[in-house]
Amino acid sequence: MQPYGPSSALLVVDVQNDFADPAGSLSVAGGADVVAILNREIARARAAGSLVVYTQDWHPPVTPHFARDGGVWPVHCVAGSWGAELHPRLVVDGPTVRKGANGEDGYSGFTMRDPTSGQELPTELDELLRANHVERVVVGGLATDYCVRATALDATRLGYATSLLADGIRAVDLAPGDGDRAMTEMMDAGVAIVRESER
């Protein structure tokens, strides 16, 4: 199967130092391993005329997303910090959509939640994809059970034919099996699973 073409996009989710580097504050086991895989995928996508879009957590120093401010996560991906930067070995060949910059909560590249009202707010990702006539998306990055899961589920909800790059994701597994459960949920929602070995 060839997932790429002019009406397709590769979504590279949150491959940032705090997630992908072992020294990161919310390091995902094996997170750095996705970089080389995603770089090959970025090259395939661009060669086929596909758009590549990167998402990036971009939090203020104080946000309800962080445990010290009432959330569940350690401080991570603070705007302008080393941890928030995309991994230095990641090939960046397309626009970046930043999320959480005003303290919003949530995981998806497409949507955020206002921390006070709980109202769901769109990022610019959907508008960007539609402006480029994208109908199909392939999702990879970090982490399977949070931002990748939420982004893939939102993509299907918004009407995109959605595939998940199974080789190019890793899970937090806050509870054992979270990554596997997220994979099942995505497949049940209609997300197709693609692997490098199958192409």
Side-chain angles (χ1 to χ4, degrees), residues 1-24 26-57 77 85-97 99 107-110 125 129 134-156 160-199:
M1 181 179 65
Q2 173 52 262
Y4 297 115
S7 62
S8 301
L10 172 63
L11 306 183
V12 179
V13 177
D14 294 5
V15 183
Q16 298 169 257
N17 288 328
D18 267 344
F19 302 134
D21 191 288
L26 193 46
S27 181
V28 177
D33 297 340
V34 305
V35 175
I37 295 163
L38 290 171
N39 283 345
R40 292 194 293 272
E41 206 66 15
I42 290 161
R44 288 188 187 103
R46 296 300 291 137
S50 294
L51 179 69
V52 179
V53 183
Y54 303 77
T55 69
Q56 194 174 18
D57 264 7
C77 298
E85 293 173 5
L86 296 172
H87 193 281
R89 294 200 306 273
L90 182 69
V91 173
V92 179
D93 188 12
T96 299
V97 172
K99 50 198 174 77
Y107 303 106
S108 173
F110 288 96
L125 180 54
L129 296 179
V134 170
E135 299 172 357
R136 174 187 175 88
V137 298
V138 178
V139 182
L142 302 171
T144 308
D145 34 354
Y146 289 94
C147 296
V148 167
R149 168 191 167 274
T151 299
L153 291 175
D154 265 357
T156 59
Y160 296 99
T162 306
S163 298
L164 181 70
L165 182 64
D167 309 287
I169 56 176
R170 297 292 184 275
V172 175
D173 278 333
L174 202 60
D178 276 354
D180 291 338
R181 284 186 287 273
M183 290 280 285
T184 299
E185 183 181 3
M186 288 184 276
M187 287 188 288
D188 287 348
V191 176
I193 306 301
V194 296
R195 301 179 189 276
E196 275 196 305
S197 60
E198 296 168 353
R199 298 205 302 278

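It should be emphasised that the depicted structure is a prediction, and the values quoted were computed from it without experimental measurement.
Note that the SG atom of Cys77 and the CZ atom of Phe19 stand 3.5 Å from one another [nearest 0.5 Å]. Within the model, atoms CG of Leu142 and OG of Ser27 stand 9.0 Å from one another, a figure rounded to the nearest 0.5 Å. Summarising the geometry, atom CD belonging to Gln56 is positioned 4.5 Å from atom CG belonging to Leu86; distances are rounded to the nearest 0.5 Å. How far CZ of Arg195 is from CG of Leu164: 9.0 Å, rounded to the nearest 0.5 Å.
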Intermediate values then yes/no, side chain to side chain donor-acceptor pair (under 3.5 Å), Ser163 and Arg136: CA-CA 8 Å; Ser163 298; Arg136 174 187 175 88; 2.8 Å; yes
Any chance you could lay out the side chain to side chain contact (heavy atoms under 4.5 Å, CB included) test for Val53 and Val134, step after step, and finish with the verdict? CA-CA 11 Å; Val53 183; Val134 170; over 6 Å; no
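Annotation: side-chain contact (heavy atoms from CB on, under 4.5 Å) contacts of Arg40 (sequence neighbours excluded): Ala36, Ile37, Arg44, Glu196. Remark: Tyr146 engages Trp73, Tyr107 in a ring-ring contact (aromatic ring centres under 6.0 Å, His included) (not counting sequence neighbours).
Sorted by first and then second residue, the side-chain hydrogen bond (donor to acceptor under 3.5 Å, both in side chains) pairs involving residues 13-24 (not counting sequence neighbours) are Asp14-Thr55, Asp14-Lys99, Asp18-Ser25.
Of all heavy-atom pairs between Asp154 and Ser108, the closest is OD2-OG, 2.7 Å. Across all their heavy atoms, Tyr160 and Leu129 have their closest contact at OH-CB, 3.4 Å. Closest non-hydrogen pair, His87 versus Ala20, comes out as CD2-CB, 3.9 Å. Shortest non-hydrogen contact noted between Gly109 and Val97 is O-CG1, 4.1 Å. Across all their heavy atoms, Val191 and Thr156 have their closest contact at CG2-CG2, 3.5 Å. Closest non-hydrogen pair, Ala171 versus Val28, comes out as O-CG1, 3.3 Å.
Under 3.5 Å, the side chains of Thr144 and Arg149 contain no donor-acceptor pair of N or O atoms.
The backbone N or O of Val172 sits less than 3.5 Å from a side-chain atom of Asp145, completing a donor-acceptor pair. The backbone N or O of Arg46 sits nowhere less than 3.5 Å from a side-chain atom of Ser50 that would complete a donor-acceptor pair.
Under the 4.5 Å side-chain criterion, counting only non-hydrogen atoms from C-beta, Leu51 is in contact with Pro95. The shortest distance between side-chain heavy atoms of Asp178 and Arg181 falls below 4.5 Å. Between Val139 and Thr162 the shortest side-chain heavy-atom distance falls below 4.5 Å. Between Met183 and Ile169 there is a side-chain heavy-atom pair separated by less than 4.5 Å. The shortest distance between side-chain heavy atoms of Tyr54 and Val13 does not fall below 4.5 Å. Taking the side chain as every heavy atom from C-beta outward, Leu165 and Leu38 approach each other to under 4.5 Å. Phe110 is listed as a side-chain neighbour of Leu11, based on a closest heavy-atom distance under 4.5 Å. Two residues are said to be in side-chain contact when any heavy atoms from C-beta on lie closer than 4.5 Å; Val15 and Val35 meet this criterion.
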